[in-house]
There are 2 protein chains.
Amino acid sequence: MRDSVGTGLDLPLDQVMVGDCIDLMRRLPPASVHAIFADPPYNLQLKGDLRRPDDSLVDGVDEAWDRFDDLPAYDAFTRAWLAEARRVLRKDGTIWVIGSYHNVFRLGAALQDLGFWVLNDIIWRKANPMPNFRGRRFTNAHETLIWAARGPESKYRFNYAAMKALNDELQMRSDWFIPLCTGQERLRDETGAKLHPTQKPEALLHRVILACTAPGDVVLDPFLGTGTTAAVARRLGRRFIGLERDPAYAAAAQRRVAAVAPIPEDAAQVTAGKREQPRLPFGALVERGVIPAGSILVDRARRWSATVAADGSIRCGRAQGSIHQVGAAVQEAPSCNGWAFWHVEQPGGTLRLLDEYRAEMLAAR
Amino acid sequence: MRDSVGTGLDLPLDQVMVGDCIDLMRRLPPASVHAIFADPPYNLQLKGDLRRPDDSLVDGVDEAWDRFDDLPAYDAFTRAWLAEARRVLRKDGTIWVIGSYHNVFRLGAALQDLGFWVLNDIIWRKANPMPNFRGRRFTNAHETLIWAARGPESKYRFNYAAMKALNDELQMRSDWFIPLCTGQERLRDETGAKLHPTQKPEALLHRVILACTAPGDVVLDPFLGTGTTAAVARRLGRRFIGLERDPAYAAAAQRRVAAVAPIPEDAAQVTAGKREQPRLPFGALVERGVIPAGSILVDRARRWSATVAADGSIRCGRAQGSIHQVGAAVQEAPSCNGWAFWHVEQPGGTLRLLDEYRAEMLAAR
DNA sequence: TTCAAGCCTGAATCTCACC
DNA sequence: CGGTGAGATTCAGGCTTGA
């Protein structure tokens, strides 16, 4: 099982640490965090000012932390922090990295080269992107997140049912439509200027954290900035470790997180899929007399019928075995979920699925 | 000026050449094509069968051309063909490369390393992607195209106005919503089996070719497959050079292209707007109570306010009509995109753009 | 002829606990 | 670590079928 609480190791939980993220990660024990979200410098390579058609100046990214001498320098930096991140990540953990076309190919290639296993690339479609003022390119209306497991064989967590619930009971797709971080949510200084040039929307982190962690899990952000990851992790009942080089950003993040109230514990739980629910053998239903030995099971079309034995096996003609095995055998299918295949005839002549008996029993505990 | 006709050099125009694309490109003169579209193998690394929940088998990619020993082998292949492509590309030309998360980071990094200058990454959002049958990842609902100039200083062609016209007079964004290639458009053999496992939709190539070429320009496709690039280029009055290793694919492409009639020359200049995404009338938001009748709409500066009527029209003073008409009227402008002009006052006092409501609704379907 | 219901399929790195 | 078996798992769109 996953440890959701302390592992006995000293993790600096729910803190913002100021310093170089590579140095700070080196101090963390190996395989200690459940998830990592990283929003590294994009290496934008902007030249000169950008002005809108009305001649107003675009307040773009022009910070020292976003300047690298060249692509090899950026690659070296990327591989250094990703290697530390991989060491710190638990075997069953996953990492999210966000970037734009300036850097995302470097990030993705580095992830693959270091042994991470890409699970999805996710497109954050911006509701309100900045237009292309010069009309020389397409409006850059998205950013890309890469979601990766530690390796190809990793048993990672994906809260499938929770994501499906978020999306109106349809599978969550790889394209996410989320507005930019603006308005009240955007942190500003006394003059009203934005505190950080690339603050991410909380809605984005909400989905990320909900997708791959359980309450109590530890989320590491090596480029915390003004603390969106930490704030959302705290609100959702997760623990966080925030690393940030700039003391001013770190201080702002601290203040921001301190003001966040976690939601009630039950609200922080993710919708459990059937995989997460406790297993109940069919034999238990027979033992307890819910479906007594001797009962007749039929498929939905009443094409086949089978008799329940006292040990929970069933028989249909010459086929005998578990509800799954016999279901597969009669259909000549490679496999079959017997819970969703066999029914019991009800007094009124209607059929009731085995899965409904199971659900009832699980609910009653 | 750009040459749109012959350069005096012998180019094998409007032909499909059978052979290895690197060998064939070597025979082409340098700086000779205006645009390149490349759909290289994705290096999918599929293991075993995949079955749908109904036990039917997914007909996946299982072709020899998609198998590589490892990532370094794939990288070597990628860099070899991209280097030739760059040599063949005119100084003012651009290249498009399409891939998925399996290979697109390798492609992008190679492009950058070889000196190409990325202009955009474009997301092809699929209308009807295959679901994730095992519920272990997000539905992989997109592919990525990288659009790049030959170098940072290149004077490349971008048909800004044509793209804007295609998009209902809004700047074309980097996320494109286009259905898969299915039905009549999909090439099949006598048995009804698909001729090529990864045939791209013509709508995708239509937009690509229209974005960066003029009539008469030469479009090179080093991985022609069954000839989508050639067919669309011909229809749009462009010239093409198609390279394909597999004689069967090449023959199918030849037959396909031969059946294509170029559109009239004037139509090739500007293409009529084709709506790839379902339109959502403003009235639908009113009907469904997202923006109830009686709501007040204001512009961003709160200079004007308008009242929403039950039929989806709005009124501001004497002006009454659609959100677009009234927006234009109050500003005394010839036209107005009401979705990007009107806002709804939120409980917190912030404004929310109509476009965000619409987008939310479209995403939720 | 029309319409509704059902069928087929798409670039896919697609399970996991237990012995 | 490998083998075994329970049992979890799908959306949209075009086409076909049949009333």
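Order of the sequence lines fixes the chain letters, A, B, ..., with proteins taken first and strands second; residue numbering starts at 1 for each chain.
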Do A:Leu297 and A:Ile314 have side chains that get closer than 4.5 Å, going by heavy atoms? yes
Using the P atom as the point on both nucleotides, what is the distance between C:dT9 and D:dT9, in whole Å?
25 Å
- Considering only atom C1', compute the distance from C:dT1 to D:dG18 and round it to an integer number of Å. 13 Å
A:Thr213 side chain to A:Leu210 backbone, donor-acceptor under 3.5 Å | no
How would you label the contact of B:Cys181 with the nucleic acid (heavy atoms, under 4.0 Å): base, sugar-phosphate, or nothing? nothing
Atom CZ of B:Arg188 and atom P of C:dG10 are separated, to the nearest Å, by 6 Å
TODO: Can you tell me, in whole Å, how much space there is between the P of C:dC14 and that of D:dG7?
DONE: 23 Å
Scan B:Arg136 against the nucleic acid and name what it touches under 4.0 Å (heavy atoms): base, sugar-phosphate only, or nothing. sugar-phosphate
Task: Interatomic distance at C1', D:dC15 relative to C:dA11, whole Å - done: 22 Å
Rounded to whole Å, the CG-P distance (A:Asp121 to C:dA12) equals 14 Å
(Q) Tell me whether the side-chain N or O atoms of B:Arg52 pair up with the base of C:dG10 as donor and acceptor below 3.5 Å, since no angle test is needed here. (A) yes
**Request:** Please work out if B:Asp62 contacts a base, only the sugar-phosphate, or nothing of the nucleic acid, heavy-atom cut-off 4.0 Å.
**Result:** nothing
(Q) Using a 4.0 Å heavy-atom cut-off, does A:Lys164 contact any base of the nucleic acid, only the sugar-phosphate backbone, or nothing at all? (A) sugar-phosphate
Residue pair B:Pro129/A:Arg279 against DNA chain D: nearer the 5' end by closest nucleotide is A:Arg279
Separation of D:dT9 atom P from B:Phe138 atom CZ, nearest Å, is 16 Å
* Check whether NZ of the Lys or CZ of the Arg B:Arg245 lies under 6.0 Å from the centre of the six-membered ring of B:Trp65 and within 45 degrees of that ring's axis. => no
- Base, sugar-phosphate alone, or nothing: which one does A:Gly321 contact when heavy atoms must sit under 4.0 Å apart? nothing
Checking N1-N3 plus N6-O4 or O6-N4 for Watson-Crick, or N1-O2 and O6-N3 for wobble, each under 3.5 Å, the partner of D:dT17 is C:dA4
**Q.** Verdict with reasoning, B:Glu202 to B:Arg235, per salt bridge (charged side-chain N to carboxylate O under 4.0 Å, His left out)
**A.** CA-CA 10 Å; B:Glu202 295 196 0; B:Arg235 178 169 311 119; 2.7 Å; yes
To the nearest angstrom, the NE2-C1' distance between A:His324 and C:dC16 comes to 14 Å
Whole-Å distance, A:Phe158 CZ to D:dA8 C1', equals 14 Å
*Report yes if a donor N or O on one partner sits less than 3.5 Å from an acceptor N or O on the other, where the partners are the side chain of B:Lys194 and the base of C:dA11; otherwise report no.*
no
Taken to the nearest whole Å, CD/B:Glu185 to P/C:dG10 is 14 Å
TODO: For B:Thr139, answer base if it contacts any base atom (sugar-phosphate contacts may also be present), sugar-phosphate if it contacts only those atoms, and nothing otherwise; contact means non-hydrogen atoms under 4.0 Å.
DONE: nothing
In whole angstroms, the gap separating C1' of C:dA11 from CG of B:Asp66 amounts to 8 Å
| said: Classify B:Thr182 by what it touches in the nucleic acid, base, sugar-phosphate, or nothing, heavy-atom distance under 4.0 Å. | reply: sugar-phosphate
Say you pick atom C1' in D:dG5 and the same atom in C:dA12; how far apart are they, in whole Å?
24 Å
Using a 4.0 Å heavy-atom cut-off, does B:Arg186 contact any base of the nucleic acid, only the sugar-phosphate backbone, or nothing at all? sugar-phosphate
Within 45 degrees of the ring normal and closer than 6.0 Å to the centroid, is that where the cationic atom of A:Arg86 sits relative to A:Phe116? yes
When B:Asn132 and B:Val61 are each assigned the nearest nucleotide of DNA chain C, the 5'-most assignment goes to B:Val61
Any strand, both distances under 3.5 Å, Watson-Crick or G-U wobble: C:dA17 pairs with D:dT4
| task | Assign A:Asn337 to base, sugar-phosphate, or nothing according to its heavy-atom contacts below 4.0 angstrom with the strands shown. | result | base
Looking across every strand, which nucleic acid part, if any, lies under 4.0 Å from A:Pro334 by heavy atom: base, sugar-phosphate, or nothing?
-> nothing
Can you check whether A:Tyr160 has a side-chain N or O nearer than 4.0 Å to OP1 or OP2 of D:dT10?
-> yes
- Can you check whether B:Phe138 and A:Trp176 have ring centres sitting under 6.0 Å from each other? yes
To the nearest angstrom, the CD-P distance between B:Gln184 and C:dT9 comes to 15 Å
Describe the nucleic acid contact of B:Trp65 in one word from base, sugar-phosphate, nothing, applying a heavy-atom distance below 4.0 Å.
base
Across every strand shown, the nucleotide meeting Watson-Crick or G-U wobble geometry with C:dA11 (both distances under 3.5 Å) is none
query: Any side-chain N or O of A:Gln325 under 4.0 Å from OP1/OP2 of D:dG5?
result: no
Are B:Arg106 and A:Phe105 in a cation-pi contact, defined as NZ or CZ under 6.0 Å from the six-membered ring centre and within 45° of the axis?
-> no
